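Worksheet: the structure to be examined is printed underneath.
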Amino acid sequence: MADATTSSGAASSSIPADLAAETLPSLYRTMVLARVMDERCLSLQRQGRIGFYVPLQGQEAAQVACAWALDAADWVFPAYRELGVALVRGVPVKLLLDQFIGNSGDEMKGRQMPNHYGYRRFKFVTASSPVGTQISHAVGTAMAARRRGDAICTIAFFGDGTTSSNDFHAGLNFAGVYRAPTLFFCQNNQWAISLPRERQTASETLAMKASAYGFPGVVVDGTDVHAVYRVVREARRRALAGEGPTLIEAQVYRLGPHSTSDDPRRYRSDAELAQWKERDPIARLKHELLTLGLVTEESDQKVWEAAKELVGAALKEAEATAPVDPRTMFDDVFARPTPALEEQRRAMDGLLKEGVVRP
Amino acid sequence: MADATTSSGAASSSIPADLAAETLPSLYRTMVLARVMDERCLSLQRQGRIGFYVPLQGQEAAQVACAWALDAADWVFPAYRELGVALVRGVPVKLLLDQFIGNSGDEMKGRQMPNHYGYRRFKFVTASSPVGTQISHAVGTAMAARRRGDAICTIAFFGDGTTSSNDFHAGLNFAGVYRAPTLFFCQNNQWAISLPRERQTASETLAMKASAYGFPGVVVDGTDVHAVYRVVREARRRALAGEGPTLIEAQVYRLGPHSTSDDPRRYRSDAELAQWKERDPIARLKHELLTLGLVTEESDQKVWEAAKELVGAALKEAEATAPVDPRTMFDDVFARPTPALEEQRRAMDGLLKEGVVRP
Amino acid sequence: MVQAINRAMFEAMRADPNVLVLGEDVGVNGGVFRATEGLQKEFGPDRVLDTPLSETGIVGTAVGMALYGLKPVAEIQFVDFIYPAFDQIVSEIAKFRYRSGGQYPCHVVIRSPYGGGIKGGLYHSQSPEAYFAHTAGLKVVIPSTPADAKGLLLSAIFDDDPVLFLEPKRIYRAVTGEVPDGDHRVQIGQAATVRPGSDVSVFAYGAMMPPALQAAETLAAEGISAEVVDLRSLVPLDEAAVLASVEKTGRAVIVHEAPRFCGFGAELSAILAEKALYSLKAPVVRVTGYDTPFPYALESLYLPGADRIAHAVRATARAA
Amino acid sequence: MVQAINRAMFEAMRADPNVLVLGEDVGVNGGVFRATEGLQKEFGPDRVLDTPLSETGIVGTAVGMALYGLKPVAEIQFVDFIYPAFDQIVSEIAKFRYRSGGQYPCHVVIRSPYGGGIKGGLYHSQSPEAYFAHTAGLKVVIPSTPADAKGLLLSAIFDDDPVLFLEPKRIYRAVTGEVPDGDHRVQIGQAATVRPGSDVSVFAYGAMMPPALQAAETLAAEGISAEVVDLRSLVPLDEAAVLASVEKTGRAVIVHEAPRFCGFGAELSAILAEKALYSLKAPVVRVTGYDTPFPYALESLYLPGADRIAHAVRATARAA
Ligand SMILES: Cc1ncc(C[n+]2csc(CCOP(=O)(O)OP(=O)(O)O)c2C)c(N)n1
Ligand SMILES: Cc1ncc(C[n+]2csc(CCOP(=O)(O)OP(=O)(O)O)c2C)c(N)n1
Ligand SMILES: [Mg+2]
Ligand SMILES: [Mg+2]
């Protein structure tokens, strides 16, 4: 989606105050691409072509509009569900699929489960699985950038459940004390696996937790790209103006399962799902584009087809990419392997050569 | 201080709405006893007769009035500074001194640093050093008691600095979600070692952090026994009525050093100290008692002397108590020592008998 | 095996109203591996608690419950996520009885799936048993069969001490076997000599038992008799069984998934170097995970398999 | 030693504006052991940060700073309080470079006083080095002299990898010695044979070095020649030095304060049992803390002292 990225806010350092009508189609295309990839990956997982997948359906507007309001120089600290953000940052689809497959094209070198990626050049920091740990990283990076005099902000993405984590508390508290230029973007998708939002915490909103740390919290409709964009933009302005951090709670809904290992019918009702499906962010934006005359049913069809083609071509490439070299297992534990690691590498090599073990 | 305990609220299960005038002298005597012990222990530490000490000066009113509002059946989860609470619960002075010395009379069996004590029969749970861990314990115990149908509450004591801990966040969040009958009693003594309250967190008050967990927080003047008593009593009523937890921020001042290892002149001004010394809670209550005619300068003199005698006699006893038996080192790791521990005990015994090591 | 674990919790909860279960997704959802399936339906949401997403809170509140006399069984969804609770485990659970002079036992059971083999990558594959085995005051138990899983978990729940119960998720469903009904208990602290042998002792536990046994089978055909010992309990360790085996065979191979350096195998080896040196006819070899984080794509190379184990046993049998 | 550590931080901060210090009470107060004394005065509160009371936050923000290219030196006031940061250390610091395919090095230095001997009881005396040594991706360094403390800390700060730098607080002031001025570096990963000998190898580190050396002195008078090796760096371990010493002496005694079970000594012993078995003339003995939490009143019995070490070396020298 070269188009989405180069024309996106991410590439420009002067971020406009509102989402201009002419950017909407580009933003929409990125959302569609995310949806198309999501569906493709779910089916790849069912076919055993990738091992695992975490879908983002229902959260595309929140992610894409939020990322749109950032500068390319800002640092993003994602969790595992931020495909929409990655696309806006410019991460090529092929690279993501390499990661999902875990092949030699994967910049994570096949070491992580699908969805746990990061790309230094896109200022999109490699995610881990333990929830919340990225929150205090984002604060530290923001403090470091300010020390260096770099006019950027950092942003941590996380879910409603993650507000219960240790790092939510520590990270937001440090951010408040040091007035770190950090945005905390909480996608409240109503569920943390099987735990509904209202049993995650007794606070009325998640946004109001910010007051415990001395800075503002804002609730925003995460299916409304305009609202999300404006809120993020204002938070970013505050951050760079030295006014401190902001907690943003984007209210969305996870339309799919938590991951391909999850069956949401065990814990939530079809009625609830149906209700939220009516607020599908992609349908909503499409409706707006239709109204504005920026898209027709036919041109929309083409947007979807283009996305499918893009993903299909990238997948073909990714599946043709060689597997990871076993010898790389011992790299990057340290900057240079220790003698003990070199010895273990030789031992494994020996086992491979003798045919005791197979790659 | 048999008197202070038996006549205190702790011993009775019907806790009066207000501190009756006739209980004030008894409450005052407990505060004086705490102050006397404190000063004695500071000097014992200087003389090398105990290894370490954590004083409570300035926090007597908050602690004693709070404990007064509890029932003997309630469970107390202290930190290391809660001498005033321990005295109200009825812990004998001799037993505390045994702990400070770490002798064979110490119910902790000489295993912990001074000030880290607990007594099951007084429902005063043995403290550890890592700050905050007791907060989630108090929540779990409250949930357990409710499950058993026991009409009690639990109370966690901690300082302003401890609001930054992981367990503050986890404990309060669980308490909010499960509406646990727990009181969170934060003694904001303005300092966490050398860090002033306003750099601990950017929130305006500590009490307001409760709203992040969906329950009320209250600020109270911790030098005013009446105010503290009333606030705690109401929080306890709420807890037992199923209305959930309360966070109480008692504003006090640590008049002494953080511990005998600390020199507060390195980080705070004499002026600040002098200002707070004027609000010494003991002087304040004495003034009230004088006004009410419940004490005279002469009878007050006697209160102090009685406390000194009590402490002196207990100290004599405690210092005459035998040291701990080295063989006990291997007890209580598990309910019954494992074969490996028995082997280590035999090995140490052998070393002792051969004179290789000395107790 | 996962059904056996589920049965153990049913039995324990029926037998004793003090037993309760708490953790993330353990209630309505029945646990992400279905280990707690059906419990909430039978015992209600007050005894099978779906908790907020905080391991600190899960373990911290479990401690408070245990202090009051309940027997909480806390689930950590993957042992890779136990670290937010590390302070509660190491500073509190392991030390409560000791620091209070015996006044406050703290019999929390923490159940958690561990280990590789399910394509879980760095954060859904770890084997951190050595951390806990090094922590004085904790028992550490790892079953390798459904019957042991049930028997050891029941023993753990009714033990007087805190127990970390690590479940080899890789063989949750793969390994089957008879599971005795009712209050079946397996005593904690006893190893099982699963396959007697005379040439080399192989020590393993958890998900490493199937490949260890498979290796022994292969080697038998080659005329090498491997004795395979399932440790079952790392703390307390059945040192007598370990020493007896090596005194017989004179040779030892130790198998675990965790990285080698300072892993549990080091302790076993050190015990042999101290107490069985004169019986040793060959170097003590460890077949383990490598000293790297757990790699996703290369997990089958990272994890000890039957071939690697057999290779090491063969070399050990021949060494002189 | 504490002054040497202080000097190292001054040197590093003067040399490189990317170095900063953060932790509880490290600024105005200069650290509870005065290790950071004077730093805030010279470098200001933006480079020497007094943090809120959260080890999670200290280490988590330090990670973020390191990702951006700073070189944060985080102080954990006592290593007993490192557990709230365990998740950040084990899940994040140790694995960042690896999981990102080398894109994100994470060179955080964590300094922390460890060990007994100051009447600190359970929570101001622990020696948890084995936890970290078992964690792939972390370097673990423990100096025993002021010169090494300075040289190793400077190396740690300018290393490309994360380093846990454990300081033997018991000898912060007790042990003195010349400290070279300026940019004095001691390479991480090299042991020091502090006292050569021929009969028994004694391996120790940190605060166990003085009693180990004292024991060697006592034994020399008895005609037993003990070689005393200061490991200095547990990860990477100078395995060559360990093996060379035991190949020479044929006998080994390992000393540490931490509990024995699964302690660092187990790894040393296991390396010997695997790679030096045929050189070993006597069982490998560990002189360590007992497998209990750290006791307050009995700490002098708990901690290995010169007499206990000498006793073990004597027995090892005589064993045949
Ligand atoms: C510390 C930790 N505990 C448990 C898990 C297992 N887990 C993975 S995602 C998840 C729920 C997260 O919910 P939320 O923060 O709302 O994010 P969402 O998945 O809804 O986007 C859980 C419990 C984990 N990854 N990390
Ligand atoms: C987890 C942890 N980190 C650090 C310490 C060291 N420490 C002991 S007390 C203290 C300050 C506590 O401040 P506060 O909570 O305000 O309580 P106060 O001492 O003022 O009563 C610190 C940092 C500790 N005990 N536990
Ligand atoms: Mg969610
Ligand atoms: Mg305080």
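Note that the coordinates shown come from a computational prediction; the quantities given were computed from them, not determined experimentally. In what follows, every chain begins at residue 1, and chains take the letters A, B, ... in the order their sequences are listed.
Your options are B:Val177, B:Leu172, B:Asp167, and the one with the most heavy-atom pairs under 4.5 Å with chain A is B:Val177.
Side-chain contact annotation: A:Tyr178 with A:Asn173, donor-acceptor N/O pair under 3.5 Å absent. Judged purely by distance below 3.5 Å, without hydrogens or angles, the side chains of B:Gln200 and B:Ser164 pair a donor atom with an acceptor atom. Side-chain contact, B:Gln187 with B:Asp160: no donor N or O sits under 3.5 Å from an acceptor N or O. A donor atom on one side chain and an acceptor atom on the other are not found under 3.5 Å apart for B:Tyr253 and B:Gln59.
Interface remark: B:Phe168 contributes side-chain atoms only to the contact with chain A (heavy atom separation under 4.5 Å). Neither the backbone nor the side chain of B:Thr205 comes within less than 4.5 Å of any heavy atom of chain A.
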